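Working notes, beginning with the structure itself.
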Amino acid sequence: MPKITPFKAIRPIKSLASQIAALPYDVYNRQEATEIVKKEPLSFLKIDRAETNFPADLDTYDEKVYLRAKEILAEMTNEGTFIKEDNDCYYIYELTMNEHTQTGIVACSAISDYQNNHIKKHENTRPEKEIDRIRHIDTVDAHTGPIFMAYRSNNAINEIVLAVKKAPPEYDFTSSDDVSHRVWVINQKEMIDNLHKSFLSIPAIYIADGHHRCASAVKVGLKRKDENPAHTGDEEYNRFLTVLFPDDQLKILPYYRAVTDLNGMDKVKFIAEIEKHGFTIKNNGNEAVNPKCKGEFGMYLDGCWYHLTVKPELLSDDPINGLDAAILQDNLLKPILGIDDPRTNKRIDFIGGIRGLSELERRVSLDMTVAFSVYATTIAELLSVADANLLMPPKSTWFEPKLRSGLFIHALK
């Protein structure tokens, strides 16, 4: 069973939380992050993406960038913009986007649980993507970006959360993207103990979003363990910042695909190949195709939408082969378009479902030739893949709403 523990958060004072809270560091490119920091000088991006404090000609990964992030966090703490709890606490974090609300518990998870698979993964990580966050965590001496986790819904935990939410929240604001954020602090010993005990009955937790941030936090902790001859296992670097949500509250949006060319074919030949490889195809004209069930796909090509349906024999109960992203990859993208490895192939791009089907039309008119809409992976499928210790195809899930960084920081000392 995973160890889910309270911690002494560094967090914004109440009046500044809305100005500090920022989307995750990897949502933006450098120029976008810099523009946001100019508009909102307190945005946490100036710490999470500290290159925004330097001229554009300074390398994003220069040592000065990480040192500046550490300095800014210290400055904001010293001047009282951030405060640090005196005692270990849990926190409740509620996000509402449109009609959808999800409520998570902010806590620390153990590196040992990542190692022994009590924290389950569904994606591979790439070392080159981890290096930046490893340097950031190690230099700043803190986990600044929470890992989005899921657990199978538990009645005892649900009851505690409902009880806490009856009180006025510590933070209550709506961000510029119309997402509502509310935070409660759990600092009563009895409730902390009850929540801790309730999590002991949870057999596993699951990384929903943030595999690279999680792997980076683990590697920093293991590095510090190796460097500390007096290591006891109780040091703060042995755990990392997480927000845990019950699975029945989570919503996964689709992740679309777009390809630069037709692999040397004209449109007629390409459509014929699709039919040969196990799909029925119907011209849908100008009406965008939003798949309504498994085995359905939309395709936008040459100003026209097509409705694709995979033949029954290509459907599978296998946790991986049954995913719509895998069906599309294995039966169309790879054999027809030559996208052998979507992780590395430069001819494919991935578009988050939050951008909508119109983004597929825009990209095809701009820099792509064909784009595909895909039925969203379900949370049940994600848990099934992780329980089987398997890995999803890349870019199989897009979670919304996104957690904000800057509301909770976990210091490593």
Side-chain angles (χ1 to χ4, degrees), residues 97-100 251-317 320-340 342 345-382 392-400:
M97 180 179 181
N98 299 325
E99 302 299 318
H100 174 74
K251 182 178 181 180
I252 303 177
L253 298 184
Y255 227 136
Y256 304 137
R257 276 83 170 124
V259 181
T260 58
D261 59 79
L262 298 184
N263 201 24
M265 292 174 280
D266 61 23
K267 183 171 74 171
V268 173
K269 172 66 172 173
F270 176 55
I271 290 175
E273 286 296 314
I274 292 174
E275 293 175 326
K276 286 181 184 178
H277 281 78
F279 294 86
T280 59
I281 184 167
K282 183 181 75 171
N283 190 314
N284 221 51
N286 293 326
E287 187 177 349
V289 178
N290 183 24
K292 301 299 183 184
C293 64
K294 289 186 65 60
E296 287 188 0
F297 304 88
M299 181 176 75
Y300 186 69
L301 172 67
D302 196 24
C304 183
W305 279 95
Y306 297 85
H307 186 279
L308 278 57
T309 305
V310 70
K311 293 180 179 178
E313 57 266 29
L314 295 183
L315 296 174
S316 172
D317 293 329
I320 296 296
N321 296 332
L323 295 173
D324 282 53
I327 292 170
L328 184 66
Q329 173 62 30
D330 295 342
N331 298 285
L332 197 159
L333 297 179
K334 181 177 180 179
I336 302 176
L337 289 175
I339 307 296
D340 49 353
N345 196 299
K346 303 298 185 185
R347 295 170 50 235
I348 190 170
D349 197 9
F350 302 91
I351 301 167
I354 190 67
R355 296 182 179 273
L357 297 172
S358 60
E359 179 67 7
L360 301 187
E361 297 177 357
R362 189 187 75 86
R363 289 297 300 275
V364 168
S365 70
L366 183 66
D367 60 346
M368 294 288 169
T369 298
V370 62
F372 301 91
S373 56
V374 184
Y375 187 67
T377 302
T378 67
I379 189 66
E381 288 176 323
L382 184 153
M392 285 186 173
K395 309 296 184 183
S396 293
T397 58
W398 181 281
F399 284 91
E400 287 286 347

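Values in this document were obtained by computation on a predicted structure and should not be read as measured data.
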Report yes or no: does N321 contribute a side-chain atom to a donor-acceptor pair with the main-chain N or O of A326 at less than 3.5 Å? no

Ring-plane angle category for W305 and Y300, please: parallel below 30°, perpendicular beyond 60°, tilted otherwise. tilted

Rounded distance [0.5 Å steps], CE in M265 versus CD in E273: 6.0 Å

Over 12 non-hydrogen atoms of neighbours within 6.0 angstrom of NZ in K267: yes

Note: Y375 and P254 closest approach over all heavy atoms is C-CB, 4.5 Å

Over 12 non-hydrogen atoms of neighbours within 6.0 angstrom of CD in E275: yes

CZ on F270 to CG on D302, rounded to 0.5 Å: 11.5 Å

Approximate separation, where rounding is to 0.5 Å, of K251 NZ and E99 CD: 9.5 Å

So, for E296 and P291, which heavy atoms are closest and what is the spacing to 0.1 Å? O-CB, 3.3 Å

Heavy atoms, side chains only, cut-off 4.5 Å: are P342 and K395 in contact? no

Any idea which heavy atoms bring L360 and A371 closest together, and the distance? CB-CB, 3.9 Å

From the list L328, I348, L332, side chain to side chain contact (heavy atoms under 4.5 Å, CB included) partner of I339 resolves to I348

Please indicate whether N286 has more than 12 foreign heavy atoms, meaning atoms of other residues, nucleotides or ligands, lying under 6.0 Å from its CG. no

What heavy-atom pair brings T397 and Y255 nearest, and what distance separates the two atoms? O-CD1, 3.2 Å

Output, in order, the C-alpha distance, side-chain angles, deciding distance and verdict of side-chain contact (heavy atoms from CB on, under 4.5 Å) for L382 and F399. CA-CA 12 Å; L382 184 153; F399 284 91; 3.8 Å; yes

Rounding to 0.5 Å, atoms OG (S373) and CZ (R257) come to a distance of 11.5 Å

Strictly distance-based, threshold 3.5 Å: is any side-chain N or O of E381 a donor or acceptor partner for the main-chain N or O of T378? yes

For the pair K294 (side chain) and G322 (backbone), establish whether a donor and an acceptor sit closer than 3.5 Å, ignoring hydrogens and angles. yes

CA sep, side-chain torsions, deciding dist, call: L333, N345, side-chain contact (heavy atoms from CB on, under 4.5 Å): CA-CA 11 Å; L333 297 179; N345 196 299; over 6 Å; no

With no hydrogens and no angle check, is any side-chain donor or acceptor of T280 less than 3.5 Å from a backbone partner on T309? yes

Is it true that D367 and R363 have a side-chain N and a carboxylate O under 4.0 angstrom from each other? yes

Closer than 3.5 angstrom, by distance alone: can the side chain of T377 be matched with the main-chain N or O of S396 as a donor-acceptor pair? yes

Please report the C-alpha distance between R347 and N263 in whole Å, then the side-chain angles of each, then the deciding distance to 0.1 Å, and finally whether the side-chain contact (heavy atoms from CB on, under 4.5 Å) criterion is met. CA-CA 10 Å; R347 295 170 50 235; N263 201 24; 3.9 Å; yes

Shortest non-hydrogen contact between T369 and L301, atoms and distance: O-CD1, 3.5 Å

When rounded to the nearest 0.5 angstrom, what distance separates CD1 in I271 from NZ in K269? 12.5 Å

Got a second to check how far M368's CE is from L366's CG, nearest 0.5 Å? 9.0 Å

Any side-chain to backbone donor/acceptor pair from N98 onto H100? Under 3.5 Å, distance only. no

Correct closest heavy-atom pair for Y306 and V289 would be O-CG2, 3.6 Å

